[in-house]
Structures are given as C-alpha cells and as structure tokens.
Amino acid sequence: MNKFKKESEIYEFWEKEKLFSADPNSNKKKYSLLIPPPNLTGELHLGHAMQHSILDAVARFRRLQGFDVLLLPGVDHAGIQFESTFDKHLAKQGLSKQKLGREKWLELAWKFKDEIYKSLSGSWRMMGLSADWSREVFTLEEKCQRAVFEEFKTYYDAGLIYKGPYIVQWCPRDRTAIEDVEVEYEERKEKLYYLKYGPLTLATVRPETKFGDTAMAVNPKDKRYKDYVGKEFEIETLNGKKKMRVVADDVVDPDFGTGVIKVTPGHDFIDYEIGKRHNLPIINVINKEGRLTDAAGKYAGMKVTEAREAMIPELKEKGILVKEEDYVHNVAVCERCKSVVEPIISEEWFVKVEEIAKEAIQLINKDAIKFLPGNYKKILIEWLKGIHDWCISRSLWWGHRIPVWYRGKEIKVSLKSPGVGWKQDEQVLDTWFSSGLWPLSTLGWLNKVESGKLKVENLLDRYFPWDFEISAPEIKFLWIARMIMISNYFTKMEPFKTMFFHGMLRDLQGRKFSKSLGNGIEPGYLIGQWGVDATRMALYTYSIPGRDGRVSKQTLDERGKNFRNFATKIRNIARFVIELRTTDNRLPTTDNRHKDDIWIQDKLERLVARVTKNLESLELHLAVEDIYNFVWHDFADKYIEKSKTSREEAQATLEYVLKQVMIILHPFMPFLTEEIYQQFDVHRKSIMLEKWPL
RNA sequence: GGACGGUUAGCUCAGCUGGUUAGAGCGUCGCAUUUACACUGCGAAGGUCAUAGGUUCGAAUCCUAUACCGUCCACCA
C-alpha cells in the first residue's frame, strides 16, 4: 500500500519533483523565508532542529496556501569559531598555522569546510527541511565576496570607515580583537589590593597594570582630595620612582574604595577615556599574547595572572601594598573561548554606526518589522541607542580579507590586487559584517549594477524584504540588529517583515546546553528513536516565541513517544478508512447527511479555521495541539467508532475528513502525511501540491 | 544598578483580548476489549493557578506591591 519505504525516499521524491524550488517567474504571490545560516562548526543541536522545524512548517503552510515560497538555505563561515575548531583539528595532525602559511592553511580550511558542511546538509535533509537547495549560499563564496566588498567600499566612500589604534577588547587565546557584544561577564572572587601612591591610597584588582599608570584620578566634587588635584607626586613603583599627576574626573565614584583610582589608559576602557580627556600618555603593559611587556621590567614575559601573583611579595616588601580584601566582581571573558579578555590598544578598522543605527531605530519605530515576542522591539531600540562604533577587523585568516591594499603610503580599496607592488591588509572582516548583509547577499544583491563575468540571478526585487526570519535570542544584537541596520542603509527597507525569536531550550536545572556540561541532547537521537515527524511535533510544543523550555532526554522522549503514538494512530485510522473499507462503490456526499457527519464536518471546519489563524499568527504549539485533539478524540474516538454501525454511508465523510486533516497536518508532519495521502484513490502527485482547505 | 520574562496537577508545559465544573502529555490508580489501533478504549485520583492587596456582578487572566527563579543590558576601578 505504502509506496515509500523510508522517510528519505519521500524526501528524494520531493526533491526530484522540484517541489522545494521557488519560481521567480510565477504569478503567485511570494512568501520568502530566510534560514539563519548555521555556523560552520559541526553538528546541529536541538535549538537548530526546532528553528528549522518552525521554518519548514511555515514554508509548507504558505505553499499549500498557494504562495510561491522561497526557503533559502545557507551556511556562515563563522570566523573565530571555525578557525579555532580548525586549528585544533590541525594540531592533532601536528600541523599549525606557522607551519602551513596562509595560502596552504586556507586550502586545507576549505577542505575541512566541505567535510563539516556535509554533516550539516545531511541533518537539514533529515529534518525534512523543504529548502530550495538550488539557491544555497555560503558566506565566503564569490557572490557574497562581491557584496561584502561593495558594503565595505560604500561605507569607506561615505567616510564611515576609519582605521587606527584604539582600545579594544582583545582575546589573547584567539589572538584577535573582538566586539563588546562578543564579551561575556563571569562572576569571580578575586582580591582587592590597596596600594600606596605617594600621599594617596587606592584600591585595584589589577596591580599588574601598575606599570601602565600615567595618572591618578579623583572625583572633582570629592572634598577629601580637593587640594591634590592638578598636583604632581612622586610615586614608588617596582621600577623605581615615578612622577604622577592627580586629575579630577566625573567618572570616579567617591564611594568606591578610597575614592582614588589609578589611570591606566592602555588597559582599561574608562581610563582610556580619562586619558583622552586629560591628555595622558599611554603605556602598553600587556601584549597581544596576554603577557607583560618590557614596561613591566623583570615581570616582562609573564602572563597577567602569573605576574599579579609574582609581584605581591615585592609590593608588600616595599610597603606599597597596605591592605587586601576579598572581592567579588565581574570579569570580562571571550564569549567563544571563555578566556579573560584584555583591553589593549590595537590598530583596527571601525565603522561609524551612529547614523546607521539612528535610521534603523526610525524604521523599527514605524513598526516595519513585527517582532515576536513584541518586547524585542524595545530591546533592540535600546541597544541601537547606545551603540558604539563597530570594530570590524579580526586578526584571523578565515574570512573576507579586508579589501584594502597598500603600496608605500598609497591606499586603495579593491577586491583584487591593483597591481604589482601592492600588499593587501592582513586582517579579515568580522563574520557579522558579512552575516549582516545576508538578507541582501543571498538574493544576488548588486547583480543589477554589476555586469562582470559573474552571473547571479537577481531575486531581490521579488523576494526582498523577506516575509519571515527566525533566530535564537542570543544573537539579537550581533546579527538581527546588524541586518536591520545594514538592509535599511542600503535599501531603505526592513530586511524582514516578521522576526520570530524562539526560546532557548535548557536542561532541567535551567542551564544552557553546552559541550562542557555534557548535557546536550542530539536531535539525531530523537529522530532515531521516534522518527522525524514525531521529533518535529515534540519541538513544536516548545516553539512559543521568546519562551524558554526546560527539557531532558526523558521529557523529550515522553513527547517523542507521544507523537510517535499519534503517527501510529493516524496510520491505523488510514488503514481503517482506506484499506479496510467494505465497499468499492462508495456513495458521494449527499445532501441528507447523517447528524454525525454534520457534527464531524462542522468540527473540522472550525478546526481548519483555528489552525489557519494560529499558523498565521505563528502560534504553532496551539495548532499542533488542536489537530492532535481533533484527530484522536473527535475523529477516531467518536466519529469513527460511531461510523462502524453505518460504515457505507459514512465512507465518504471518513475519507474527506482524513484527507483534509492530512493537508492541515502536513506542515508539521510532512513525511507521514505524504505517506497517507498517496494511499487515496484520487490524489495529486504530492500532498505538497494540495490546496489549503480555507 | 537598569530592562524584561517566569512562578498553574508528581514532572514538563498549555491556557491569560476577564465569563459556565482550570487543560494536555507523561506518570499514578481502576475497568474493558483483542478491536482500524495495546504505540488501544473508557473512567478516576491529583491544582487555595507563588504571596498579599485592588478593580469588577465575575480574575489563573487586568492593576499594585512582595518573594523566589531566570534572561538580557551596563559594569563598579
């Protein structure tokens, strides 16, 4: 009876029939969904599985509704993350960046990328994602490179890009600058050291930066230190005596510690600002490897924490350290590798984003984008209001290399080398610089203006702005805000009309899933256990915008089992309705229907109305529950049971209801519904070509 | 310090444009049948909807406060 043996056969059938392909020339209305490009780092996790299940349900629903749907897949090169994964992979083979050199390294990186990519792509297909594979995009491919170059050049020409030595967050492990948004804070218990600075005493947690101090600062309103302001004092340091001035600055909190701070403009953001205001010199004490520089005298070469420990005895001995106390505070760590980041001065590229952000705020305030849940509108606006210039350069090899070329003092912005003797900037662009352009670059942005040898289909006019985008909340600033800013800057339009933030799946204690905790649950496990459709259904029950869910293997198994049973129930219903029918000359639906027929059809009609509404408002969990209850408790338990006494009269209604239900269930359980659908005597080539019954 | 979300059955969660006895899944207990389906059917137990006030004819749902949990932002030298 069943023409398919496995889910993968159904998937192949759909692909072969090109049922996932968008048709830009169609006269149907379009509906476009942009798949967030997963990072090129390996397996898809549960959150991805949920995200993709939601995307696919919406895409399939809109297709059935008669839209020309574009569900566009792609992958992000994920600069820092990929590079550190790859370097670890190389280390296992005794290789390294130093041994390989940039060119060879990149060659191997692309091969490694292909390997990882295969596993990603396989997972997507396994989940049943009805994506248009013919239009798949990778952020480093040529089409994107040209778009990213255009983005850079446009900012550059508009005077929005500048380069220079500024204080940045530096990750000593990844050996690159990172952004504020890539920094996390961890609560740590450390010591607060009280140090004598000439006549004054001040408190610090970082005595090792003492070598970079160029002033002391107090609050101008602080009466205690009024007489010291502007004066210079001789300070005892571990490098001998040194003269230091006291400056007055509003940022100093008179109530913290002694009300006096040491100013280290080279290694602290606030001190850097103070230094600028008071024209203080900058001394670099910590280098890019997180070790002390020659400025630290005999402590040079030590790591920050080593140096701190090593210098305490000497500080005590010289009478500089007068008191220490326990102190709990937040320490900045790299979001990716969790090592402590150091503010240091480095030569980096920046984009002035204030104006771009202002325009984005206006766009959001016009409600051009519907955020789910709604409070993200406010969250994003608040962030955009306080935005800092964007540090876009990273000291990596994996990424879009900064398209700037140097020859002596000459500078040119160009994608390819301008000629002999020109050297390209060594750094690459922040991953989010290209991801932020994703809504445009995926659609062949610039094809209109470019007429080079590269041929890119221009889909922008038809599919932009996107109708639907989904994301985990954790990248709302890194990615979502950037897409809004960038799209608006280049097109004066919103990148997407609906922005769905799904919740985070956590373990039962409310912790994030992570490799280090080992609390992860593989989607592949659930699929193996309960099947794709059941896994998808289990995930839809958690797909409420912005609401986190606590899950364990056990709770997911429970739901998986539940929906696996549901799938079995449907198969049995189909067996009863189609396979075990008692007669072949079934009656057509008559005007004088039985009251049970009227009852179930009426229930169905109202179900369809609710499911349609809930899908349109993206309340997938409600739609799923509703269909489940109808099928199991109205259709099977009541109507089918009653129909057994007058089977022949009921046959038409049985088939009608079952078929309609398969159609409205298809967005959620695509494989099962196709399997059942194919068993009807009269059917289209695929359930995907059916019409939504409303 | 600022913003936001959560607190409902043993567990995981729905419900919250206020309106009859507050729902689901899993779990528990009882009964039934070998049935399209035991990956079943029927039924039961189990909740002062965090707490305290308020609005209302009526509140799990709206308002205020409190407690606890969580997230995000800022970051204190």
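All values reported here derive from a predicted model rather than from experimental measurement. Chain letters run A, B, ... following the sequence lines, proteins first, then strands; residues in each count from 1.
In this entry the distance linking CZ of Phe635(A) with P of C37(B) reads 16 Å, nearest Å. Put simply, CG on Asn375(A) is 11 Å from C1' on U71(B), counting in whole angstrom units. As a whole-Å value, the separation of Ile640(A) CD1 from C42(B) P is 12 Å. Rounded to a whole Å, the CD atom of Glu579(A) is 13 Å from the C1' atom of C37(B). Look at CG on Asp548(A): it is 16 Å from C1' on A14(B), rounded to the nearest Å. Remark: C1' of G5(B) and CD1 of Ile544(A) are 13 Å apart, rounded to the nearest angstrom. Rounded to an integer number of Å, the gap from CD1 of Ile573(A) to C1' of U40(B) is 12 Å. Atom NZ of Lys512(A) and atom C1' of C72(B) are 10 Å apart (whole Å).
Closest contact between the side chain of Asp637(A) and the listed nucleotides C13(B), C37(B), G41(B) involves G41(B). For Phe576(A), whose side chain is taken as the heavy atoms from C-beta onward, the closest listed nucleotide among U40(B), A36(B), U12(B) is A36(B). Listed candidates were C37(B), C4(B), U71(B). Nearest to the side chain of Asn572(A) is C37(B).
Under the side chain to side chain contact (heavy atoms under 4.5 Å, CB included) criterion, Arg277(A) pairs with Asp249(A), Val251(A), Glu273(A), Ile274(A), sequence neighbours left out. Partners of Glu208(A) under the side-chain hydrogen bond (donor to acceptor under 3.5 Å, both in side chains) rule, at least two apart in sequence or in another chain, are Arg206(A), Arg308(A). Listed by chain and number, the residues in a salt bridge (Lys or Arg N to Asp or Glu O under 4.0 Å) with Asp597(A) amount to none (sequence neighbours excluded). Residues that satisfy the side chain to side chain contact (heavy atoms under 4.5 Å, CB included) test with Val229(A), not counting sequence neighbours, are Val218(A), Ala248(A). For the side chain to side chain contact (heavy atoms under 4.5 Å, CB included) test, residues two or more places apart in sequence or in another chain that qualify with Arg188(A) are Glu186(A), Glu190(A), Val331(A), Val333(A), Val340(A).
Residue contacts for Ile379(A): at a heavy-atom cut-off of 4.0 Å it reaches no nucleic acid atom on any strand shown. Phe566(A) comes within 4.0 angstrom of no nucleic acid atom, judged by non-hydrogen atoms across all strands. Contact annotation for Gly549(A): backbone-only contact, meaning every heavy-atom pair under 4.0 Å involves sugar-phosphate atoms and none involves a base. Residue Glu382(A) is classed as having no contact, given no heavy-atom separation below 4.0 Å to the nucleic acid. Looking at heavy-atom distances under 4.0 Å, Leu508(A) makes contact with sugar-phosphate atoms alone, never a base. Counting any heavy atom pair closer than 4.0 Å across all strands shown, Ala636(A) reaches a base atom.
To the nearest whole angstrom, the two P atoms, one in C42(B) and one in G47(B), are 24 Å apart. Taking the P atom of each, G25(B) and G43(B) are spaced 13 Å apart, rounded to whole Å. Across the P atoms, C39(B) and A44(B) are found 24 Å apart, a figure rounded to whole Å. Remark: the separation of the P atoms in G6(B) and G15(B) is 10 Å, to the nearest Å. Rounded to a whole angstrom, the distance from the C1' atom of A9(B) to that of U28(B) is 12 Å. Spacing between G46(B) and G27(B) at atom C1', rounded to whole Å, works out to 11 Å. Taking atom P in both A22(B) and C13(B), the straight-line distance is 23 Å, to the nearest Å.
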Inset, instruction - Show the numbers, then the answer: is there a ring-ring contact (aromatic ring centres under 6.0 Å, His included) between Tyr228(A) and Phe233(A)? - result: CA-CA 9 Å; Tyr228(A) 294 91; Phe233(A) 298 96; 5.6 Å; yes

Inset, instruction - Could you please spell out the steps behind the side chain to side chain donor-acceptor pair (under 3.5 Å) verdict for Glu619(A) and Ser617(A)? - result: CA-CA 6 Å; Glu619(A) 294 174 286; Ser617(A) 61; 2.9 Å; yes

Inset, instruction - Take Tyr166(A) and Tyr272(A) through the ring-ring contact (aromatic ring centres under 6.0 Å, His included) test and state the conclusion after the steps. - result: CA-CA 9 Å; Tyr166(A) 290 90; Tyr272(A) 181 76; 7.0 Å; no

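Residue pairs meeting the salt bridge (charged side-chain N to carboxylate O under 4.0 Å, His left out) criterion with at least one partner in residues 528-547 of chain A, sequence neighbours excluded, are Asp56(A)-Arg536(A).
Regarding contacts with the backbone of C4(B), every side-chain N or O of Lys377(A) stays at 4.0 angstrom or more from both OP1 and OP2. Contact between the side-chain N/O atoms of Asn565(A) and the OP1/OP2 oxygens of C37(B) is not found at any separation under 4.0 Å. Phosphate contact (OP1/OP2 of C13(B), side-chain N/O of Arg550(A), threshold under 4.0 Å): absent.
Between Phe630(A) and Phe635(A), the two ring planes are parallel [angle under 30°; tilted spans 30° to 60°]. Between Phe566(A) and Trp632(A), the ring planes lie parallel to each other; the angle is under 30°, not in the 30° to 60° tilted range.
In this model, a side-chain donor or acceptor of Lys569(A) finds a partner on the base of C37(B) within 3.5 Å. Side chain Lys644(A) to base A36(B): a donor-acceptor pair is found below 3.5 Å.
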Sequence neighbours left out, cut at 3.5 Å: what donor-acceptor pairs do the side chains of residues 371-387 of chain A make with other protein atoms?
{"from": "Lys377(A)", "atom 1": "NZ", "to": "Asp367(A)", "atom 2": "OD1", "distance (Å)": "2.8"}

Give the table of side-chain donor-acceptor pairs shorter than 3.5 Å for residues 191-199 of chain A, with sequence neighbours excluded, one pair per line with atom names and distance.
{"from": "Lys191(A)", "atom 1": "NZ", "to": "Asp326(A)", "atom 2": "OD1", "distance (Å)": "2.7"}
{"from": "Tyr194(A)", "atom 1": "OH", "to": "Glu325(A)", "atom 2": "OE2", "distance (Å)": "3.3"}
{"from": "Tyr197(A)", "atom 1": "OH", "to": "Asp213(A)", "atom 2": "OD2", "distance (Å)": "2.4"}

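Between the CG atom of Asp681(A) and the CD1 atom of Ile578(A) there is a distance of 8.0 Å, given to the nearest 0.5 Å.
Using a 4.0 Å cut-off between a side-chain N of Lys or Arg and a carboxylate O of Asp or Glu, Glu184(A) and Lys338(A) qualify as a salt bridge.
Nearer to the 5' terminus of RNA chain B, by closest-nucleotide assignment, is the contact made by Lys561(A) (compared with the other of Arg506(A) and Lys561(A)).
Judged purely by atom type and a 3.5 angstrom limit, Ser435(A) has no side-chain atom pairing as donor or acceptor with the backbone of Trp479(A).
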Legend entry - Per-nucleotide pairing state of RNA chain B [Watson-Crick or G-U, under 3.5 Å; [ ] pseudoknot-crossing; | other strand]: (((((((..((((.....[...)))).(((((.......))))).....(((((..]....))))))))))))....

I'd like a table of atom pairs between the protein and nucleotides 73-76 of chain B - only N or O on both sides, under 3.5 Å - with the distance next to each one.
{"from": "C75(B)", "atom 1": "N3", "to": "Asn330(A)", "atom 2": "ND2", "distance (Å)": "3.1"}

Could you write out each protein N or O paired with an N or O of nucleotides 16-25 of chain B at a distance under 3.5 Å?
{"from": "G25(B)", "atom 1": "O3'", "to": "Asn562(A)", "atom 2": "ND2", "distance (Å)": "3.0"}

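A heavy atom closer than 4.0 Å to some atom of RNA chain B occurs in Ala203(A), Thr204(A), Val205(A), these being the qualifying members of residues 203-224 of chain A.
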